[in-house]
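See structure below.
In this text, all values refer to a predicted model and were calculated from it rather than measured experimentally.
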Amino acid sequence: MATPVQQPPQSSGGKRKGKAQYVQAKRARRCDGGGPRQLEPGLQGILITCNMNERKCVEEAYSLLNEYGDDMYGPEKFMDKDQQPSGSEGEDDDVEAALRKEVGDIKASTEMKLRRFQSVESGANNVVFIRTLGIEPEKLVHHILQDMYQTKKKKTRVILRMLPISGTCKAFLEDMKKYAETFLEPWFKAPNKGTFQIVYKSRNNSHMNREEVIKELAGIVGSLNSENKVDLSNPQYTVVVEIIKAVCCLSVVKDYMLFRKYNLQEVVKSAKDPSQLNPKQPAQAGNGKEAKLESGDKSNDPAEGKNQQVVPENNEDLGQTKPRSEIQVVNEGGAKPELESQVTERLESNENDLSEEK
């Protein structure tokens, strides 16, 4: 095993900076823009999954969110440095008033640096978290998906799913239960009610149990109103639980199944796409006449002969079993009278030939 190369000792004149100094400087640069720089409890935002290219995903997210954010809430306003609020120019004899003024200036400068949308570190690969400020994430994302669903216009390439996050807490069962009791009230507490389902996803977390979390949250929804019922096919509300490391992200969304689980790539696809995956389905699902016409057009397809046998019109008329030769003639797509005449002519010609030879 090779021995590690030892660095030459530093001269006494220029001492090397310690690691703690670099870490502190990095944190200071991150906090200079205002607000947290990583996913933590107490945030609201939008959780976005992508396909390997996180930098491109952030660019697309900013473009899409700013477009629809300006449409719903108006353009984002920023304060110039010259317009920063400041205290009175006169000297303040009161020390408390001077402190209050200084604290107000600090808060104002911090708020000025906060953007409407700010990307923070999510803690998982291929996952981007956009912190929001002054907007309702669930309404904004629903507006985006509704517009894309109606126009069928694709606006992203690497973004896959876009989930609004209305609240975050610590990813421990007791903390989640305590937080969910008040978080779920606007949707499920009496007199509000509705059908619901719970979708759960965990990343970089091994101490949470999926079944246990779903059971506890379903119990909380039931305790808020006994008329809340589970519906896994087409629920009115979907409770989204996304756990990343030690942070639990919660939201309640509508039209989860209609908008293809909030997948931006799937929601723009037309309704006829699923039928294209199985082209034989329309012929089987349609009425007997349509199936019969299609089979006549595609006479070379051997599967169409089977479709003819299940047409309802023919089941009543086929009281007797047809000979195998007749069935083959029908399946091959030829006209039945013409084939019979050809067969009879051939038989007559063969008989005449035999009689002449005799």
May I have all residue pairs that pass side chain to side chain donor-acceptor pair (under 3.5 Å) and include part of residues 244-257, sequence neighbours excluded? His142-Asp255, Arg161-Tyr256
Let me confirm one number: the CG-CD1 distance from Leu43 to Ile165, rounded to the nearest 0.5 Å. 11.0 Å
With side chain to side chain contact (heavy atoms under 4.5 Å, CB included) as the criterion, how do Tyr237 and Val253 come out once you've worked through the C-alpha distance, each side chain's angles and the decisive distance to 0.1 Å? CA-CA 6 Å; Tyr237 300 107; Val253 299; over 6 Å; no
If you look only at pairs with a residue in residues 222-233, which of them pass as a side chain to side chain donor-acceptor pair (under 3.5 Å), with sequence neighbours excluded? Lys193-Glu227, Asp231-Ser233
Does Arg260 offer a backbone N or O that forms a donor-acceptor pair with the side chain of Glu266 under 3.5 Å? no
Measuring from atom CG of Leu47 to atom OG1 of Thr49, what distance do you get when rounded to the nearest 0.5 angstrom? 7.5 Å
Got a second to check how far Asn192's CG is from Leu224's CG, nearest 0.5 Å? 10.0 Å
CA sep, side-chain torsions, deciding dist, call: Asp147, Leu145, side chain to side chain contact (heavy atoms under 4.5 Å, CB included): CA-CA 5 Å; Asp147 182 67; Leu145 288 164; over 6 Å; no
Sequence neighbours excluded, the answer for side chain to side chain contact (heavy atoms under 4.5 Å, CB included) partners of Glu59 is Arg55, Lys56
From CA spacing to verdict: side chain to side chain contact (heavy atoms under 4.5 Å, CB included), Gln44, Arg131: CA-CA 6 Å; Gln44 285 188 341; Arg131 176 192 54 77; over 6 Å; no
Residues 211-218 side chain polar contacts: donor-acceptor under 3.5 Å, at least two apart:
none

Sequence neighbours left out, what pairs pass side chain to side chain donor-acceptor pair (under 3.5 Å) with at least one residue falling in residues 165-180? Glu138-Ser166
Can Val230 be reached from Val241 by stepping across I, L, V, M, F, W or Y side chains whose heavy atoms are under 4.5 Å apart? yes
Is any side-chain heavy atom of Glu121 closer than 4.5 Å to one of Arg37? no
Residues that Phe172 engages under ring-ring contact (aromatic ring centres under 6.0 Å, His included), provided they are two or more places apart: His207
How would you list, by chain and number, every residue that makes a side chain to side chain contact (heavy atoms under 4.5 Å, CB included) with Ala171, sequence neighbours excluded? Asn205, Ile243, Cys248
Pairing residues for Tyr62 by the ring-ring contact (aromatic ring centres under 6.0 Å, His included) criterion, not counting sequence neighbours: none
For Leu65 and Leu140, what are the C-alpha separation, side-chain angles and deciding distance, and is it a side chain to side chain contact (heavy atoms under 4.5 Å, CB included)? CA-CA 8 Å; Leu65 294 175; Leu140 177 60; 4.0 Å; yes
Pair Phe259-Tyr149, ring-ring contact (aromatic ring centres under 6.0 Å, His included): steps then yes or no: CA-CA 7 Å; Phe259 293 156; Tyr149 177 78; 5.6 Å; yes
Using the rule that two of Ile, Leu, Val, Met, Phe, Trp, Tyr join whenever any of their side-chain heavy atoms come within less than 4.5 Å, decide whether Phe117 and Val141 are in one cluster. yes
Any ion pair linking Asp70 and Arg116 (charged N to carboxylate O, less than 4.0 Å)? yes
Partners passing side-chain hydrogen bond (donor to acceptor under 3.5 Å, both in side chains) against Ser119 (at least two apart in sequence or in another chain): none
Looking at CE of Met72 and NZ of Lys139, how far apart are the two atoms once the value is rounded to the nearest 0.5 Å? 7.5 Å
Using the test side chain to side chain contact (heavy atoms under 4.5 Å, CB included), find all partners of Ser206 that sit at least two apart in sequence or belong to another chain. none
With Thr156 via side chain to side chain contact (heavy atoms under 4.5 Å, CB included) - residues at least two apart: Glu60, Leu64, Ile159, Leu264, Gln265
Distance-only side-chain donor-acceptor flag, Lys155 / Tyr68, under 3.5 Å: yes
ring-ring contact (aromatic ring centres under 6.0 Å, His included) involving Phe129 - partner list, sequence neighbours excluded: none
ILVMFWY cluster, Leu163 and Met208 together (side-chain gap under 4.5 Å): no
